[in-house]
A.B. asks: 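Just dropping this structure here.
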2 protein chains.
Amino acid sequence: MKIERAGERNTIDRRVARTRGLLQDALIALIPEQGYAAVTVDDICQRANVGRSTFYTHYADKDALRSATIEAHLRSIGRRREAASQETGSRLFEFSLPMFEHAHAFRPLHHALLASSGDTIHDELRERIRRAVREELVEKRIGDRGMPAEFAIQFIAGAFLAVLAWWVATDMNLSPAQADDLFQRMAGKGIGA
Amino acid sequence: MKIERAGERNTIDRRVARTRGLLQDALIALIPEQGYAAVTVDDICQRANVGRSTFYTHYADKDALRSATIEAHLRSIGRRREAASQETGSRLFEFSLPMFEHAHAFRPLHHALLASSGDTIHDELRERIRRAVREELVEKRIGDRGMPAEFAIQFIAGAFLAVLAWWVATDMNLSPAQADDLFQRMAGKGIGA
DNA sequence: GCATTTCCAGACATTGTGTCCATTATGATA
DNA sequence: TATCATAATGGACACAATGTCTGGAAATGC
């Protein structure tokens with residue numbers, strides 16, 4: 001009699017690894033084509049050449065597959081980051097360079113993760129904010145010395161939207177004027193190391 | 001015989017205005033409760049007390065309703081900004097305060113707009129980045145003088161994701177090291193007005 | 001008041017989801 | 001290599017949501 005206690009398994013059946021790999025790759029391949037929301041479980045299975053019932057023996061649903069896929073890649077970034085952390089010692093944001101490097105190596109994945117969601121409204125709001133930032137930066141000729149204008153624009157617009165979303169989601173302890181003040185400070189002086 | 005040319009209508013039937021208003025309000029109300037993706041057309045109709053078939057006489061689908069809802073409000077933000085622009089004159093980022101103020105006045109709308117893109121794929125990555133930023137900022141005790149840590153975290157994480165998305169979407173003329181360098185500079189010193 | 005428009009409930013076909021089962025195929029192990 | 005455990009498979013099923021279409025009832029505008 002063989003008793004196999006939970007979690008005692010130290011090797012993974014090749015079939016499992018193969019199936020999961022195929023499914024993950026299929027998802028990543030399909031997202032740029034149709035957008036995540038439009039991708040069906042059936043699409044994934046056909047692209048991966050995997051039976052639909054097999055899908056459900058591995059993942060509860062599409063979201064579970066997505067999580068697992070991201071999780072796997074994110075772990076590799078984490079390892080890379082730890083390695084980098086020991087080398088460089090005390091950089092300001094240790095996560096950023098490994099992330100840029102990973103995005104460079106796995107561009108299709110990151111494109112799938114970050115590309116405009118196809119959501120016209122979100123994209124429209126983003127674009128409006130960017131336009132507003134662009135106008136001001138160009139008009140007032142701020143930020144030179146090798147800093148590409150578009151980079152600064154994306155930076156500021158992204159920061160603003162993130163901060164606005166957070167502020168709206170919280171209980172709004174800060175007044176609009178206070179929130180704006182903090183934003184202006186961060187945008188102007190940065191984290192001020 | 002009465003011929004009604006397209007677009008010649010100058011008044012809107014009260015029933016139409018009433019129905020559309022109810023549907024838009026219902027959507028905005030439901031998004032914070034369940035998230036946009038989980039809201040069904042039936043949910044919206046029940047909340048709005050409107051027949052489901054009526055829904056489809058006004059909007060092609062759920063996305064169309066969302067578009068129409070947000071578009072209307074976005075126009076009012078534009079007007080507010082123009083007004084504010086004339087008053088203040090020469091602030092650094094003129095768009096930000098009016099936006100914060102509008103978000104304060106129409107919080108449910110902005111919550112619906114910014115909370116979850118419906119594309120949950122962003123949210124997961126977003127959360128990971130935030131965690132990475134949070135660890136570093138807290139660990140290294142950076143940013144004091146009345147700057148709430150969470151504000152700085154959201155700011156940096158949002159800026160990073162926007163910059164990363166932009167970089168991945170372009171032809172990647174910048175190397176990972178260069179991109180990271182620019183990011184570090186902006187994060188550390190800001191726009192440097 | 002009357003013609004027009006909108007609202008509505010319900011029926012319908014369609015698509016995608018998630019579960020289950022019996023059967024076949026394949027990797028692990030000795 | 002033989003054996004056994006596990007994975008993969010297609011098909012059937014119930015279910016939920018979508019989007020279309022009807023005919024009649026209700027409201028609106030003029």
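These numbers come from the heavy atoms of this one structure, side chains and all, not from hydrogens, waters or symmetry mates. Within every chain, numbering begins at 1; the chains are lettered A, B, ... in the order of the sequence lines, protein sequences first and strands thereafter.
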A.B. asks: How about A/F100 and B/F160: are their ring centres within less than 6.0 Å of each other?
C.D. replies: yes

A.B. asks: Given the rule in the salt bridge (charged side-chain N to carboxylate O under 4.0 Å, His left out) test, do A/R134 and A/E127 qualify, once you have shown the distances and angles that lead to the verdict?
C.D. replies: CA-CA 10 Å; A/R134 189 173 295 120; A/E127 185 48 40; 3.8 Å; yes

A.B. asks: Over how many whole Å does the gap from B/D13 atom CG to D/dA27 atom P extend?
C.D. replies: 12 Å

A.B. asks: Of B/I156, B/D180, B/I129, B/V133, which is the lone residue that meets side chain to side chain contact (heavy atoms under 4.5 Å, CB included) with A/S96?
C.D. replies: B/D180

A.B. asks: Taking the six-membered ring of A/F55, is NZ or CZ of A/K62 closer than 6.0 Å to its centre and within 45° of its axis?
C.D. replies: no

A.B. asks: Produce the list of close N/O pairs, under 3.5 Å, pairing protein atoms with atoms of nucleotides 13-15 of chain C; give distances to one decimal.
C.D. replies:
none

A.B. asks: Do the side-chain N or O atoms of B/R14 get closer than 4.0 angstrom to the phosphate oxygens (OP1, OP2) of D/dA27?
C.D. replies: no

A.B. asks: Any heavy-atom pair between the side chains of A/L182 and A/L174 that's under 4.5 Å?
C.D. replies: yes

A.B. asks: Just how large is the angle between the end axes of the helix from C/dG1-D/dC30 to C/dA30-D/dT1, five pairs per end, to 10 degrees?
C.D. replies: 40°

A.B. asks: Does the pair B/R66 and B/E71 meet the rule for a salt bridge (charged side-chain N to carboxylate O under 4.0 Å, His left out), with working shown?
C.D. replies: CA-CA 8 Å; B/R66 185 189 48 176; B/E71 191 60 33; over 6 Å; no

A.B. asks: In whole angstrom, give the distance that lies between atom CD1 of A/I12 and atom C1' of D/dA5.
C.D. replies: 17 Å

A.B. asks: Could you state the atom-to-atom distance from CG of B/D61 to P of C/dG16 in whole Å?
C.D. replies: 15 Å

A.B. asks: Can a donor-acceptor pair be found between the side chains of A/H110 and A/H104 at a distance below 3.5 Å?
C.D. replies: no

A.B. asks: Give the C-alpha distance, both sets of side-chain angles, the deciding distance and a yes or no for side chain to side chain contact (heavy atoms under 4.5 Å, CB included) between B/R185 and A/M147.
C.D. replies: CA-CA 9 Å; B/R185 231 160 77 194; A/M147 174 67 68; 3.8 Å; yes

A.B. asks: Just by distance, do the side chain of B/E101 and the backbone of A/P176 share a donor-acceptor pair under 3.5 Å?
C.D. replies: no

A.B. asks: Quick one: is A/H58 getting a side-chain N or O under 4.0 Å of the D/dA7 phosphate, OP1 or OP2?
C.D. replies: no

A.B. asks: Quick one: B/D63 CG to D/dA17 P, roughly how many Å, whole number?
C.D. replies: 17 Å

A.B. asks: What residue pairs, at least two apart or across chains, pass side chain to side chain donor-acceptor pair (under 3.5 Å) with a residue in residues 156-169 of chain A?
C.D. replies: none

A.B. asks: Find the distance A/K62:NZ to C/dG16:P and express it as a whole number of Å.
C.D. replies: 11 Å

A.B. asks: By nearest atom, which of the nucleotides D/dG29, C/dT19, D/dT18 is closest to the A/Y56 side chain?
C.D. replies: C/dT19

A.B. asks: Mind checking what makes salt bridge (Lys or Arg N to Asp or Glu O under 4.0 Å) contact with A/R20, not counting sequence neighbours?
C.D. replies: none

A.B. asks: Is any side-chain heavy atom of B/H111 less than 4.5 Å from a side-chain heavy atom of B/I31?
C.D. replies: no

A.B. asks: Between C1' on D/dC21 and CZ on B/F55, what's the gap in Å once rounded to a whole number?
C.D. replies: 17 Å

A.B. asks: Expressed as a whole number of angstroms, how long is the span from A/Q34:CD to C/dG16:P?
C.D. replies: 10 Å

A.B. asks: Where along residues 46-54 of chain A does a heavy atom fall under 4.0 Å from DNA chain C?
C.D. replies: A/R52, A/S53

A.B. asks: So which protein N/O to nucleotides 23-26 of chain C N/O distances come out below 3.5 Å?
C.D. replies:
from: C/dT26; atom 1: O2; to: A/R15; atom 2: NH1; distance (Å): 2.7

A.B. asks: Would B/E33 and B/R47 pass as an ion pair if we require N to O under 4.0 Å?
C.D. replies: yes

A.B. asks: Between the side chain of B/D43 and the main-chain N/O of B/T40, is any donor-acceptor distance below 3.5 Å?
C.D. replies: yes

A.B. asks: Roughly, in whole Å, what's the span from CG in B/L22 to C1' in C/dC8?
C.D. replies: 15 Å

